[in-house]
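Heads up: numbering here begins at 1 and tracks the sequence. Whatever order the structure lists ligands and atoms in, that order sets their numbers, starting from 1.
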Amino acid sequence: MDCIVPSIGATSASNFWTPPMIGSRFSAAAKTYDRHARPQLALAQSVVSMLPEIYPEQILELGAGTGQLTRLLVDRFPDVPIDALDLAEKMIEHSRAKFHHLPQINWIIDDAQTYWSGDRYPLIASSSALHWVSDLRATCENIFQNLAPGGTFALGMMLQGTLKELHELRKTIAPEKTPSLTLPTYEETQVCLQDSGFHLDRKKHSEEEIIYPDAQTFLRAIHEQGVTGGKVSTGNAPLTRTELSQLVADYQDTYATDGGVRATYETATFLLMKT
Ligand SMILES: C[S@@+](CC[C@H](N)C(=O)[O-])C[C@H]1O[C@@H](n2cnc3c(N)ncnc32)[C@H](O)[C@@H]1O
């Protein structure tokens with residue numbers, strides 16, 4: 001338990017986290033992410049299922065990580081070249097090795113907030129990644145620039161209600177360490193997208209509870225997804241060992257349900273066009 005710092009709110013979508021810090025926290029989770037990323041896989045599936053009947057010549061994926069969405073894109077569009085981009089060097093190394101048999105994927109280390117290849121892509125996709133950017137509006141504007149006229153942008157986002165039980169409990173246990181910044185809301189995300197010039201074609205907003213066997217397993221799982229940060233969280237008001245033990249015990253009591261403890265994930269899927 002030592003390395004678990006349940007400070008998700010403090011570390012998500014906040015200006016406190018620079019791209020290198022986000023890269024390094026996800027690099028640390030490269031080997032363990034897939035084991036625990038059920039909610040992220042469900043969101044990636046929702047992104048692909050929302051795509052219309054298109055067959056693009058090239059795809060850009062933003063925040064590809066261990067390639068959960070990339071794999072689904074390959075299944076849907078065999079042989080289409082994919083530029084799969086991520087900030088985290090080790091995520092890219094891991095995915096490059098894992099998908100070495102799929103030469104159509106070009107793995108790129110770069111920042112989705114500023115990436116510009118000089119190409120305009122007919123399809124851009126991203127899942128469970130853009131809620132990490134420090135400036136969602138600027139990122140949406142950059143994606144709009146990278147999209148070809150008539151192109152499609154398919155986006156899956158984690159939103160503010162994600163892990164709300166953990167945030168609530170943190171506020172009670174260590175109010176002075178309460179994160180001031182949080183994940184974007186559904187409304188904020190939609191406004192950023194529309195202000196950037198996208199036409200909103202379809203959207204889906206959902207809140208889902210995932211059941212974990214117990215509180216300790218839950219905290220371990222979110223840590224191994226890269227949601228809480230090992231080394232990079234130090235200095236960001238980490239909980240003490242006592243506070244952490246209290247958090248585990250209180251989570252177990254407060255959020256117990258049939259089969260374990262519950263945790264909420266609020267997500268949205270958007271299908272957008274550049275007209
Ligand atoms: C939770 S993982 C999701 C990975 C994958 N898309 C999935 O659906 O499982 C988030 C990924 O986004 C990457 N990321 C965060 N901010 C980024 C940015 N500004 N540019 C590129 N990648 C970013 C992280 O490094 C991490 O690998």
Which atoms from ligand 1 have a heavy atom of [X] less than 4.0 Å away?
X    : result
W132 : 15 (C), 16 (N)
M91  : 27 (O)
V133 : 19 (N)
A112 : 18 (C), 19 (N), 20 (N), 21 (C)
G65  : 4 (C), 27 (O)
A88  : 25 (O)
D110 : 20 (N), 21 (C)
D111 : 18 (C), 19 (N), 20 (N)

Can you name the closest pair of heavy atoms from L85 and I92 and give their distance?
->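 Smallest heavy-atom distance, with atoms named: C-CD1, 4.3 Å.
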Where do K171 and E168 land on the salt bridge (charged side-chain N to carboxylate O under 4.0 Å, His left out) test, with the steps shown first?
-> CA-CA 5 Å; K171 268 191 230 158; E168 283 309 310; 3.1 Å; yes
Nearest option to atom 25 (O) of ligand 1, as decided by whichever heavy atom of T66, L69, D86 sits closest =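 Of the listed residues, D86 has the closest heavy atom.
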Counting heavy atoms only, which of S128, G156, S95 is nearest atom 10 (C) of ligand 1?
->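 Ranked by closest heavy atom to atom 10 (C) of ligand 1, first place is S128.
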Indicate the ring-plane relationship of H205 and Y186, choosing parallel, tilted or perpendicular according to the 30° and 60° boundaries.
->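 The rings of H205 and Y186 lie parallel, inter-plane angle below 30°.
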Which class fits the ring pair W107 and F99: parallel under 30°, tilted 30 to 60°, perpendicular over 60°?
->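 The arrangement is parallel - the two ring planes meet at less than 30°.
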Answer yes or no: are there more than 12 heavy-atom neighbours, outside E53 itself, under 6.0 Å from its atom CD?
->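 At most 12 heavy atoms, drawn from other residues, nucleotides or ligands, come within 6.0 Å of this atom.
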Which part of A64 is near ligand 1, with near meaning a heavy atom under 4.0 Å away: side chain, backbone, both or neither?
->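 Just the backbone.
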Does the side chain of S134 come under 3.5 Å of the side chain of Q113 through a donor N or O and an acceptor N or O?
->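 Side-chain D/A pair, S134 to Q113: present.
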Side chains of T264 and E207, donor plus acceptor under 3.5 Å |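 On atom types as modelled, these side chains do not qualify, holding no pair under 3.5 Å.
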Would you check if the distance from the ring center of F153 to the ring center of Y121 is below 6.0 Å?
->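 No: the rings miss the under 6.0 Å criterion.
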For ligand 1, find out whether one of its N or O atoms is nearer than 3.5 Å to an N or O atom of G63.
->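 N/O-N/O distance below 3.5 Å exists for this pair.
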